[in-house]
Amino acid sequence: MSKCDNCASKGSCSTVGDSCSKLFPKFGNIKSIIGIISGKGGVGKSTVTGLTALELVKQGFSVGVLDADITGPSMPRFFGIQDKRAQILPGENKDEIRFEPVRSNSGIKVISLNLLTQEEEQPVIWRGPVINGVLNQMFSDTIWGELDYLLIDMPPGTGDIALTVMQSFPLTSLIIVSTPQDMVSMIVKKVVIMAQKLNVPISGVVENMSYVKCGSCEEKIRLFSKKTAEEQAQYLGLPLIAELPMDLDLTESMENGEVERYIFNTFNYKNIIGKIV
Ligand code: ADP
């Protein structure tokens with residue numbers, strides 16, 4: 001019996017180096033897999049995932065999004081596709097299934113538990129191993145096709161799912177999301193140290209909710225901290241990818257499921273991916 005015989009990725013992975021222990025998508029070919037993570041909830045990790053996906057599409061890349069925040073999924077609402085359902089198709093073998101992701105208006109392929117359950121308010125009350133199993137399946141059994149980028153919106157913190165994604169998924173890199181508050185940075189640093197311990201490369205940090213733009217001048221008003229985004233990034237020991245303002249129009253467009261129109265027409269988010277692609 002070969003050492004690959006019991007592996008979930010058998011036949012779809014490379015057997016070179018540590019890729020042997022990694023899970024690979026069965027129905028797709030993905031050039032880069034990027035995890036977006038933060039230590040704390042509510043700092044804008046899902047927002048940064050969505051904005052990055054849209055900017056990549058604007059630049060002509062094919063993009064998928066895996067909503068790995070199983071208990072708090074928000075990507076369907078971000079893209080305004082919460083009323084659609086991902087199809088569950090039979091696999092080649094009797095016990096196998098495949099997921100057909102839902103496409104956003106701009107063609108982003110999205111898979112989320114909220115696209116697989118009947119109602120979006122339905123909670124999942126599962127223990128860690130079940131959640132991990134579902135996430136593995138959503139990653140490996142989705143029909144991703146050819147993708148330049150798969151972005152993974154990870155749940156906050158250093159728990160079970162973060163560990164699964166960092167250990168089992170063949171990540172190209174991580175983007176860390178933080179807000180300008182010392183308490184948040186301290187918790188975010190735990191994620192940074194975790195990634196370093198697990199040898200996962202980090203592209204850098206996005207400081208979200210950095211400032212509010214003055215309505216009548218160019219001044220950036222920093223609401224949470226007098227420290228600059230560079231200083232916050234320095235504390236984390238990471239390059240600063242971008243600092244994003246608090247943007248009421250952005251929030252409103254997300255609430256209304258119209259974020260794609262807003263991003264494509266008005267919002268310039270180019271700086272965020274400059275250091276990623
Ligand atoms: P997380 O994924 O870290 O829990 P979210 O991306 O869901 O955080 O953001 C939390 C809330 O803050 C959402 O309601 C979102 O619309 C809002 N939000 C996030 N970033 C911004 C921003 N830069 N400007 C305005 N609202 C934002």
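Order of listing sets the numbers, starting from 1, for every ligand and every atom in it.
- Using a 4.0 Å cutoff on heavy atoms, P245 counts as a contact of ligand 1.
- Looking only at heavy atoms of the protein, atom 20 (N) of ligand 1 is closest to N208 ND2, 2.9 Å.
- Between V63 and V57, the shortest heavy-atom contact is CG2-CG2, 3.8 Å.
- Here's the thing with E255: none of its N/O atoms is less than 3.5 angstrom from an N/O atom of ligand 1.
- With hydrogens left out, the protein atom closest to atom 10 (C) of ligand 1 is G42 O, 3.9 Å, a heavy atom.
- Between the K109 side chain and the W144 main chain, a donor and an acceptor come within less than 3.5 Å of each other.
- Put simply, no part of S38 is less than 4.0 Å from ligand 1, judged by heavy atoms.
- For atom 26 (N) of ligand 1, the nearest protein heavy atom (residue, atom name, distance) is T251 OG1, 2.9 Å.
- Here the heavy atom of the protein found nearest to atom 6 (O) of ligand 1 is T47 OG1, 2.6 Å.
- Near M254, meaning under 4.0 Å from any of its heavy atoms, are these atoms of ligand 1: 15 (C), 16 (O).
- Distances from atom 24 (N) of ligand 1 to the heavy atoms of D69, D247, T49 put D247 nearest.
- For atom 8 (O) of ligand 1, the closest non-hydrogen atom on the protein side is G44 N, 3.1 Å.
- Numbered from 1 in the order shown, with element, the atoms of ligand 1 that lie under 4.0 Å from a heavy atom of M209 read 12 (O), 18 (N), 19 (C), 20 (N).
- Heavy atoms of L244 stay at 4.0 angstrom or farther from ligand 1.
- The CE atom of M209 sits 11.0 Å away from the CG atom of D247 when rounded to the nearest 0.5 Å.
- Considering backbone and side-chain N/O atoms, S46 comes within less than 3.5 Å of an N/O atom of ligand 1.
- Taking every non-hydrogen atom of M246 and a distance limit under 4.0 Å, the qualifying atoms of ligand 1 come out as 24 (N).
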